[in-house]
Amino acid sequence: MLNDKNIETVKQQLIAAPCKIVITTHHKPDGDALGSSLGLYHYLIQLGHQVQVISPTDYPDFIAWLPANDTVIEFEKTESKSKQLIAEADLIFCLDFNHLSRINEMGDLVRHAKGMKVMIDHHLNAEGFEDAAFADIRAIATAELVYKFIVWMGDAEKINLDCATCLYVGILTDSASFRFNSTTPAVHTIAADLIARGVKPYDIYEQIYDTNKLNRLQFLGYCLANKLKVVPEFNTAYMAISREDLKQFNINTGDTEGLVNYPLSIKGIKLACLIVDRTERIKLSLRSKGDVAVNEICAKYFDGGGHKNASGGFSFKTLDETVQVFLNALPEIKAVLQ
Ligand code: 5GP
Ligand code: MN
């Protein structure tokens with residue numbers, strides 16, 4: 001199931017001569033998006049290439065410490081420089097996404113750029129914008145694929161501590177700490193190899209997960225007490241968070257990360273949804289268990305997608321209307337929710 005379209009050409013180009021390379025990842029990068037991007041960065045600079053990671057937007061503090069984080073530029077803050085880098089790049093690595101809409105305004109720039117677009121990704125239903133790919137929907141994280149890509153290049157010895165740290169963060173966060181289904185023996189073998197290269201799991205875990213601020217914990221308590229709704233007949237639970245709620249607790253990018261897992265942790269719940277009014281749009285995060293394919297709900301109703309059990313999307317309706325769209329979709333999938 002590995003889609004390795006034209007990847008041999010990429011290898012030859014990487015070996016042949018120093019190139020100008022842009023690495024980009026999806027809007028509001030998470031641990032895997034940034035970890036895989038910077039992991040690839042630490043590898044490619046060792047081959048002598050000129051490499052720039054461009055994030056479409058900002059990202060949360062709990063990942064803004066990865067080695068070489070200070071070299072990352074945000075498109076929104078460096079538009080003209082980013083445009084030039086994209087236009088001049090020989091290779092554009094697109095990590096952890098498979099639709100150009102996931103990188104906002106950068107999407108059109110990448111689409112029309114002269115450089116070869118190389119997609120490394122593990123999501124379903126690719127758009128097909130790429131010229132080359134190293135993609136596998138069975139992978140637990142894009143970081144797993146970057147690891148395999150480096151090994152496939154014959155360069156395992158170039159996975160230094162900085163590279164290994166970034167890849168470990170990607171695998172740790174996308175697997176929910178080695179919990180999800182696709183945590184195969186191979187994933188643990190890769191993690192073991194990264195630890196053998198010097199990664200300290202305890203330190204990484206602490207930097208990622210033990211960084212709560214008081215307001216965030218209080219916000220969590222408030223949401224659990226006031227916002228959590230259960231729809232017993234559909235084994236579904238959800239939370240709808242308004243702008244005022246976010247403002248009251250001074251909630252920023254990334255502070256709602258993981259919140260959707262609380263409704264899913266209720267015994268018997270098969271579908272969980274977090275709906276957040278982010279002012280410019282309503283953002284939805286869906287999680288499920290078993291056969292409930294949330295990527296299909298996200299694609300049908302919320303212009304989104306993702307994985308079968310973890311997907312996202314958005315809406316330009318009001319918060320209440322969006323909740324209604326979600327609730328109205330439930331009867332359609334009643335059979336799998338039982
Ligand atoms: P999250 O709920 O954490 O934002 O995202 C969960 C999963 O759904 C991630 O794998 C992410 O890539 C995907 N996802 C989130 N939002 C969107 C979206 O707007 N469009 C698509 N296609 N996928 C999304
Ligand atoms: Mn990922």
Side-chain angles (χ1 to χ4, degrees), residues 23-40 55-57 59-60 62-63 93-104 107 119-129 134-149 166-177 180-183 187 238-239 241 253-264 271-276 278 280-288 292-316 322 326:
I23 301 172
T24 191
T25 189
H26 60 76
H27 159 100
K28 301 280 178 194
D30 56 14
D32 187 34
L34 192 69
S36 58
S37 296
L38 282 172
L40 183 64
S55 169
T57 63
Y59 46 85
F62 71 87
I63 48 173
F93 280 89
C94 297
L95 267 56
D96 203 38
F97 70 93
N98 61 15
H99 275 257
L100 287 175
S101 60
R102 299 273 288 137
I103 56 173
N104 305 349
M119 179 182 83
I120 304 183
D121 182 56
H122 66 138
H123 293 97
L124 293 162
N125 307 323
E127 169 190 337
F129 69 84
F134 195 82
D136 191 342
I137 58 165
R138 295 167 305 181
I140 198 136
T142 298
E144 177 188 350
L145 293 170
V146 170
Y147 177 96
K148 287 182 172 163
F149 175 72
C166 295
L167 298 182
Y168 191 87
V169 166
I171 293 171
L172 178 75
T173 54
D174 252 28
S175 67
S177 310
F180 289 151
N181 241 341
S182 31
T183 307
V187 169
Y238 69 95
M239 293 194 254
I241 314 291
T253 306
D255 286 339
T256 55
E257 176 101 17
L259 198 54
V260 65
N261 295 317
Y262 288 92
L264 195 66
L271 172 60
C273 179
L274 174 69
I275 309 177
V276 182
R278 293 223 172 268
E280 69 283 5
R281 52 163 85 172
I282 306 276
K283 172 79 179 83
L284 293 100
S285 285
L286 277 74
R287 300 290 185 272
S288 66
V292 185
V294 285
N295 55 318
E296 290 173 11
I297 305 175
C298 286
K300 186 164 176 189
Y301 295 101
F302 304 114
D303 265 328
H307 312 274
K308 184 177 171 196
N309 298 122
S311 292
F314 54 88
S315 148
F316 292 103
T322 307
F326 172 69

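Both ligands and their constituent atoms are indexed starting at 1 by order of listing.
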What's the shortest distance from [atom] to any protein heavy atom, and which residue and atom give it?
| atom | result |
| --- | --- |
| atom 9 (C) of ligand 1 | His123 NE2, 4.0 Å |
| atom 7 (C) of ligand 1 | Ala310 O, 3.4 Å |
| atom 20 (N) of ligand 1 | Gly304 CA, 3.4 Å |
| atom 15 (C) of ligand 1 | Gly312 CA, 3.4 Å |
| atom 2 (O) of ligand 1 | Ser285 OG, 2.6 Å |
| atom 4 (O) of ligand 1 | Lys283 NZ, 3.3 Å |

Worksheet item: Under 3.5 Å, side chain of Glu144 to main-chain N/O of Val187, donor-acceptor pair present?
Response: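 Side chain of Glu144 to backbone of Val187, a donor-acceptor pair under 3.5 Å: no, none is there.
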
So, Asn98 side chain and Leu124 main chain: donor-acceptor pair closer than 3.5 Å or not?
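Judged by distance alone, yes, a pair lies under 3.5 Å.
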
Show your reasoning for whether side-chain contact (heavy atoms from CB on, under 4.5 Å) applies to Asp174 and Asp30. CA-CA 9 Å; Asp174 252 28; Asp30 56 14; 4.0 Å; yes

Exercise. How are the rings of Phe129 and Phe97 set relative to one another: parallel (under 30°), tilted (30 to 60°) or perpendicular (over 60°)?
Worked result: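 Parallel: the ring planes of Phe129 and Phe97 meet at under 30°.
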
Practice prompt. Before giving the answer on side-chain contact (heavy atoms from CB on, under 4.5 Å), spell out for Asp32 and His122 the whole-Å C-alpha distance, their side-chain angles and the decisive distance to 0.1 Å.
Written response: CA-CA 11 Å; Asp32 187 34; His122 66 138; 3.5 Å; yes

Query raised in the report: Heavy-atom contact under 4.0 Å between His307 and ligand 1?
Result: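 Yes, that is the case, since the closest heavy atom of the residue is under 4.0 Å from the ligand.
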
Notebook entry, point to check: Quick check: does His122 put an N/O/S atom under 2.8 Å from the Mn ion (ligand 2)?
Noted result: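 Yes, since at least one N, O or S atom of His122 sits under 2.8 Å from the Mn ion (ligand 2).
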
**Study point:** Heteroatom test (N, O or S) for Asp174 near the Mn ion (ligand 2), limit 2.8 Å
**Key:**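 A backbone or side-chain N, O or S atom of Asp174 is under 2.8 Å from the Mn ion (ligand 2).
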
Candidate pair Phe149 and Leu40, rule side-chain contact (heavy atoms from CB on, under 4.5 Å), full reasoning: CA-CA 9 Å; Phe149 175 72; Leu40 183 64; 4.2 Å; yes

Open item on the list: Just to verify, what does His27 make a ring-ring contact (aromatic ring centres under 6.0 Å, His included) with, not counting sequence neighbours?
Closed with: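 With sequence neighbours excluded, His27 shows a ring-ring contact (aromatic ring centres under 6.0 Å, His included) to no residue whatsoever.
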
| query | Does the side chain of Asp255 come within less than 4.5 Å of Pro60's, by heavy atoms? | reply |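 No, their side chains stay 4.5 Å or more apart.
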
Heavy-atom proximity to atom 24 (C) of ligand 1 ranks first, among Gly258, Gly305, Gly306, for Gly305

Q) Out of Arg287, Lys28, His27, Arg102, who gets a non-hydrogen atom closest to atom 12 (O) of ligand 1? A)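 Among Arg287, Lys28, His27, Arg102, the closest heavy atom to atom 12 (O) of ligand 1 comes from Arg102.
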
Inset, instruction - Could you go through the side chain to side chain donor-acceptor pair (under 3.5 Å) check for Ser315 and Thr322 one step at a time? - result: CA-CA 7 Å; Ser315 148; Thr322 307; 3.0 Å; yes

Opening angle between OD1 in Asp96 and OD2 in Asp32, taken at the Mn ion (ligand 2), to 10 degrees
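With the Mn ion (ligand 2) as the vertex, OD1 (Asp96) and OD2 (Asp32) sit 90° apart.
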
Quiz item: Should the proximity of Phe314 to ligand 1, defined as any heavy atom under 4.0 Å, be assigned to the side chain, the backbone, both, or neither?
Solution: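 Just the side chain.
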
